[in-house]
Amino acid sequence: MTPLYLARGASKVLRRITAETSVELKILSEKWQLLLAGIVFQYIHGLAARGVHYLHRPGPILQDVGFMILPELGKERGYISETLFTFIFISFALWTFHPFILQTKRFYTVLIWRRVLAFLCASQFLRIVTFYSTQLPGPNYHCREGSPLARLPPPKNAAEVFLINFPRGVIYGCGDLIFSSHMIFTLVFIITYQKYGSVRFIKGLAWCVAVAQSLLIVASRKHYSVDVVVAWYTVNLVVFFLDKKLPELPDRSAGSASVLPMSVKDKDSKLKEENTRLLNLNSVEAADRRPWTQMNGKHLENGNHLDTETTIA
């Protein structure tokens, strides 16, 4: 019985994944532009961070209250903050794809990632403007004076710049400080779950994880405290204002899980049908409003046709 039960369960999950994939692909075929723009901007953001590394000049570490309060983790424990960030990223990504597997669905994966990428791109644009405005000496170990990675020699060709030396160039970057990119992703993910998630305990735990991530970033000396503080209020303000401008996601939890969001073509078709119905209704009402006159207690229509009884009289 157990193998049969597992086979039935696997068959149900497979059918659910297939059905959800067809739905998501249909939405993707109509909503791909913003998704593609958001993905391309992730590369532009990485390119900008690589570019500011060429401008970075190491110097004495600035006085920082967070550095005074939090003990330094050191090089050998710097992985802790990266491990926590990886956990946050993977957990959020898996949650956004849960409609493919679970029977309870509250949103469409394509639509929620369009929204997330809009929040990320707006925050990252502000970040690029900020860290190019003023370059601070990096507090990270590979960005300090004496480190061979603190300064980048002038690029030999364009390919060296545009390829970003991935992933080493991203991991060992310097100069892109204000404000923290890790906190942008963390806060956007948590704010999104606060709105569209369903487990109250996880919502509360997520904010605790965000605070822990902030403290670990400073303790790892990857950012100054100001980089983290600015991220907290900037990302929240960006999401607050953009959320009012973006169209709201259709709610699939109210018994409408099989209903697709209406496309532009569907809206135009529906609008034409309503206009046609309205024109027909107006023509009927116009016919009903034809002038009638009264003669000898009887009605005369349009002044031409008399009632039979009136004519005989």
Side-chain angles (χ1 to χ4, degrees), residues 5-6 8-28 30-32 34-35 38-39 42 83-123 182-216 231-263:
Y5 178 79
L6 292 176
R8 288 179 179 176
S11 177
K12 288 182 180 179
V13 172
L14 183 60
R15 286 198 301 270
R16 196 174 299 146
I17 292 174
T18 304
E20 187 69 22
T21 301
S22 64
V23 170
E24 295 285 351
L25 287 176
K26 184 175 181 180
I27 300 175
L28 182 62
E30 298 177 356
K31 309 285 186 179
W32 60 270
L34 186 57
L35 270 176
I39 294 171
Q42 298 309 301
T83 302
L84 182 59
F85 176 75
T86 303
F87 169 76
I88 295 170
F89 193 99
I90 294 176
S91 299
F92 180 81
L94 291 176
W95 170 74
T96 61
F97 282 92
H98 85 266
F100 284 83
I101 301 175
L102 301 182
Q103 191 170 0
T104 56
K105 310 173 191 298
R106 300 193 65 185
F107 53 80
Y108 296 97
T109 301
V110 171
L111 297 183
I112 203 166
W113 273 106
R114 288 175 80 246
R115 204 175 192 87
V116 167
L117 284 171
F119 297 152
L120 289 175
C121 292
S123 301
H182 284 59
M183 290 309 302
I184 290 177
F185 280 91
T186 299
L187 292 171
V188 167
F189 291 168
I190 291 175
I191 294 170
T192 302
Y193 186 82
Q194 289 295 311
K195 184 171 184 179
Y196 299 106
S198 57
V199 183
R200 185 176 299 179
F201 171 75
I202 295 180
K203 291 181 179 182
L205 180 63
W207 287 115
C208 296
V209 171
V211 173
Q213 175 74 4
S214 303
L215 298 176
L216 286 172
W232 268 90
Y233 63 75
T234 302
V235 174
N236 276 280
L237 288 174
V238 167
V239 173
F240 176 78
F241 286 109
L242 275 184
D243 191 57
K244 295 181 177 296
K245 300 293 183 181
L246 295 174
E248 189 52 71
L249 299 185
D251 187 8
R252 305 179 69 182
S253 61
S256 58
S258 60
V259 179
L260 286 173
M262 189 176 295
S263 65

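Numbering of residues begins at 1 and proceeds along the displayed sequence. What's counted below: heavy atoms across the whole structure, side chains too, no hydrogens, waters or symmetry copies.
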Supply the atom-to-atom distance [X] [atom1] to [Y] [atom2], rounded to the nearest 0.5 angstrom.
X      : Y      : atom1 : atom2 : answer
Leu94  : Ile101 : CG    : CD1   : 8.5 Å
Phe100 : Thr21  : CZ    : OG1   : 5.0 Å
Lys195 : Asp243 : NZ    : CG    : 3.5 Å
Leu242 : Cys121 : CG    : SG    : 10.0 Å
Met183 : Ile190 : CE    : CD1   : 7.0 Å
Lys31  : Leu111 : NZ    : CG    : 6.5 Å

Trp32, CH2: over 12 other non-hydrogen atoms inside 6.0 angstrom: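 Atom CH2 in Trp32 is not packed in, count stays at 12 or less.
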So Trp113 and Phe92, would you call those rings parallel, tilted or perpendicular, with 30° and 60° as cut-offs?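 Because their plane-to-plane angle is over 60°, the rings of Trp113 and Phe92 count as perpendicular.
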For the pair Phe189 and Phe185, name the ring-plane relationship: parallel under 30°, tilted 30 to 60°, perpendicular over 60°.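 Taking Phe185 first and then Phe189, their aromatic rings stand perpendicular (interplane angle over 60°).
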Which atom pair, heavy atoms only, marks the closest approach of [X] to [Y]?
X      : Y      : answer
Tyr193 : Ser198 : OH-N, 3.8 Å
Ala122 : Val238 : CB-CG1, 3.7 Å
Ala93  : Thr96  : O-OG1, 2.6 Å
Arg106 : Tyr196 : NH1-O, 3.6 Å
Phe107 : Trp95  : CE2-CZ2, 3.4 Å
Arg16  : Leu102 : CD-O, 3.6 Å

Cation-pi check for Phe240 against Lys244: NZ or CZ below 6.0 Å from the six-membered ring centre and within 45 degrees of the axis, yes or no?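 Yes, a cation-pi geometry holds between Lys244 and Phe240.
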Closer than 3.5 angstrom, by distance alone: can the side chain of Arg115 be matched with the main-chain N or O of Pro247 as a donor-acceptor pair?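 Flag set: sc Arg115 to bb Pro247 pair under 3.5 Å.
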Tell me whether Glu24 contacts the main-chain N or O of Val110 through its side chain, where contact means a donor paired with an acceptor under 3.5 Å.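 Confirmed, Glu24 side chain pairs with Val110 backbone.
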Begin from the C-alpha positions of Leu246 and Arg114 and carry the test side-chain contact (heavy atoms from CB on, under 4.5 Å) through to its verdict. CA-CA 10 Å; Leu246 295 174; Arg114 288 175 80 246; over 6 Å; no
Audit row: Phe119, Val235, side-chain contact (heavy atoms from CB on, under 4.5 Å) steps and yes/no: CA-CA 8 Å; Phe119 297 152; Val235 174; over 6 Å; no
Are side-chain heavy atoms of Ile88 and His182 found at a separation under 4.5 Å?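 Answer no - side chains too far apart.
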Heavy atoms, side chains only, cut-off 4.5 Å: are Trp232 and Leu187 in contact?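 Answer yes - side chains close enough.
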If you apply the rule side-chain contact (heavy atoms from CB on, under 4.5 Å), what do you find for Ile112 with Leu249, and how did you get there? CA-CA 8 Å; Ile112 203 166; Leu249 299 185; 4.1 Å; yes
